[in-house]
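Atoms within each ligand, like the ligands themselves, are counted from 1 in listed order.
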Amino acid sequence: MDSSVEKLIIIGSGPAGLAAAIYAARGGLTPLVIAGREAGGQLMLTTDVDDFPGFEEGIQGPDLMMKMRKQAERFETRFISEDVLSVDFSQKPFTIKTETKELKAQTVIIATGAKATWLGIDSETRLRGRGVSACAVCDGFFFKGKNIMVVGGGDTAMREAQHLSKVASKLFVVHRRDAFRAQKALVDLVTSKPNVEILYNKTIDEILGEDKVSGVKLKDTVSGEVSEMPIDAVFVAIGHKPSTEFLKGQIDLDEKGYIKVRDEVFSSVDGVFIAGDVSDFRYRQAVTAAGAGTKATLEVEHYLEQ
Ligand code: NAP
């Protein structure tokens, strides 16, 4: 094989991509990671991470990503801090174009993740990490015994609400319409909880609070009436967008843009493997993404041996 052809290119540098890189580097594959301009993924926007095994005192999201990156570099992983613009998976070796390079690889792991969709109001950005979150499993515990609000009406909102109902003193689910799009079974599970109240036909106009969330300004979507309500935390659960724009036409995606996988890490293209939130809308945890990155690398090793 031409020496300019990489054995493995990993696209993405969140926990999935970096765990894949650590395993691949230790396995002698000298991986090249295309880390993106915003390297590190969603954890770069997360403060306290208290649930990643091995950090008994917790760790800040960016610190965790820096440690993972250094661990990958220790075994000679190379990094490029550019975004991938396009790929050609129609022939082997595969071609990957970044802003300044055209790279070739025998195998690829795609670990580009997903971004939470936010409401897009200024107060939400200002109070993110101070009572505004998009991950109940990550941040719910910080609001034990408090009054919490979940925004959204899909499966994610119901899953978040289900988790938070165990933590909150009182949980409000705010939805902009009068009917949920989530599966009935999930809705029933949430609405059956005694501490849950549903607020239909409402949107959040503003999240109130100086240093931390203290309340919300709600707008009734039918009457237009605006009211204020005290609350300690707001969990935004209005969907995620997988980072797969550059893959269109090259690999099978579902209707929401997530990469379709079989047996966890196999894509529709032989030799292209998948890890983390770019295909996983269900678990979305750093530790599950890292696990998926590891599985993807083990499959790459197996594929190259064959
Ligand atoms: P989703 O199904 O697209 O639902 C997003 C929800 O947020 C909708 O109810 C939408 O309202 C609301 N919304 C969107 N923009 C809003 C805004 N600006 N302000 C207020 N509300 C807004 O997204 P998802 O729940 O993340 O689910 C994504 C996919 O993952 C789905 O296919 C879902 O089935 C799947 N999933 C499955 C599970 C599972 O356990 N099986 C768990 C999570 C996700 P409208 O209803 O008015 O549009």
query = When rounded to the nearest 0.5 angstrom, what distance separates CG in L218 from CD in E206?
reply = 11.5 Å
query = Polar-atom distance check: T156 versus ligand 1, any N or O pair below 3.5 Å?
reply = yes
request  = Kindly compute the distance separating CZ (F143) from CG (L171), expressed to the nearest 0.5 Å.
outcome  = 13.0 Å
request  = Number the atoms of ligand 1 from 1 as they appear, then name those within less than 4.0 Å of a heavy atom of R282, with their elements.
outcome  = 39 (C), 40 (O), 41 (N)
key: Nearest neighbour in protein (non-hydrogen) for atom 47 (O) of ligand 1   = R177 NE, 2.7 Å
request  = Could you name the option among R176, R181, K241 that has the heavy atom nearest to atom 14 (C) of ligand 1?
outcome  = R176
task = Starting from atom 38 (C) of ligand 1, locate the nearest protein heavy atom and write down its residue, its atom name and how far away it is, to 0.1 Å.
result = D155 CB, 3.6 Å
query = Which atoms of ligand 1 are found less than 4.0 Å from any heavy atom of G153?
reply = 6 (C), 7 (O), 8 (C), 9 (O)
message = Would the distance check show the side chain of S267 and the main-chain N or O of V272 forming a donor-acceptor pair, the cut-off being under 3.5 Å?
response = yes
request  = Identify, for atom 1 (P) of ligand 1, the protein heavy atom at the shortest distance, and state residue, atom and that distance.
outcome  = K256 NZ, 3.7 Å
request  = May I have the step-by-step check of side chain to side chain donor-acceptor pair (under 3.5 Å) for E82 and T100, ending in yes or no?
outcome  = CA-CA 8 Å; E82 291 182 25; T100 65; 2.7 Å; yes
ask   = Hey, is T117 touching ligand 1 through its side chain, its backbone, both or neither, going by heavy atoms under 4.0 Å?
value = neither
message = Looking only at protein heavy atoms, which one is nearest to atom 23 (O) of ligand 1, and what is the separation?
response = G239 CA, 3.7 Å
message = Give me the nearest non-hydrogen protein atom to atom 40 (O) of ligand 1 as residue plus atom name, then the distance to 0.1 Å.
response = R159 NE, 2.6 Å
inquiry  = Any carboxylate oxygen within less than 4.0 angstrom of a Lys/Arg side-chain nitrogen, looking at K295 and E299?
reply    = no
note = When every non-hydrogen atom of Q162 is compared with those of L189, the smallest separation belongs to NE2-CD2, 3.2 Å
request  = For the residue pair D88 and T95, confirm or rule out a side-chain donor-acceptor distance under 3.5 Å.
outcome  = no
inquiry  = Between E245 and K241 (salt bridge meaning N to carboxylate O under 4.0 Å), is one present in this structure?
reply    = yes
inquiry  = As an exercise, identify every atom of ligand 1 less than 4.0 angstrom from a heavy atom of H175.
reply    = 9 (O), 11 (O), 45 (P), 46 (O), 47 (O)
note = min-distance protein heavy atom vs atom 18 (N) of ligand 1 -> I238 CD1, 3.8 Å
Nearest non-hydrogen protein atom, atom 41 (N) of ligand 1 = Q183 NE2, 3.3 Å
remark   = Quick note on ligand 1: atoms under 4.0 Å from a heavy atom of L119 include exactly 19 (N)
key: cation_pi(R177, Y200) dist<6.0 Å, angle<=45   = no
task = Kindly compute the distance separating NZ (K7) from CG (L29), expressed to the nearest 0.5 Å.
result = 6.0 Å
request  = Cation-pi check, K170 to F172: give yes when NZ or CZ is under 6.0 Å from the six-membered ring centre and within 45° of the ring axis, no otherwise.
outcome  = yes
remark   = Closest heavy-atom approach to atom 36 (N) of ligand 1 among F281, Y283, F180 is made by F281
inquiry  = Would M158 count as a contact residue for ligand 1, given that I'm defining contact as a non-hydrogen atom of the residue lying under 4.0 Å from a ligand atom?
reply    = no
request  = Could you tell me whether V151 and ligand 1 have an N or O pair separated by under 3.5 Å?
outcome  = no
message = Are any of the N/O atoms on A157, whether in the backbone or the side chain, positioned under 3.5 angstrom from an N/O atom of ligand 1?
response = no
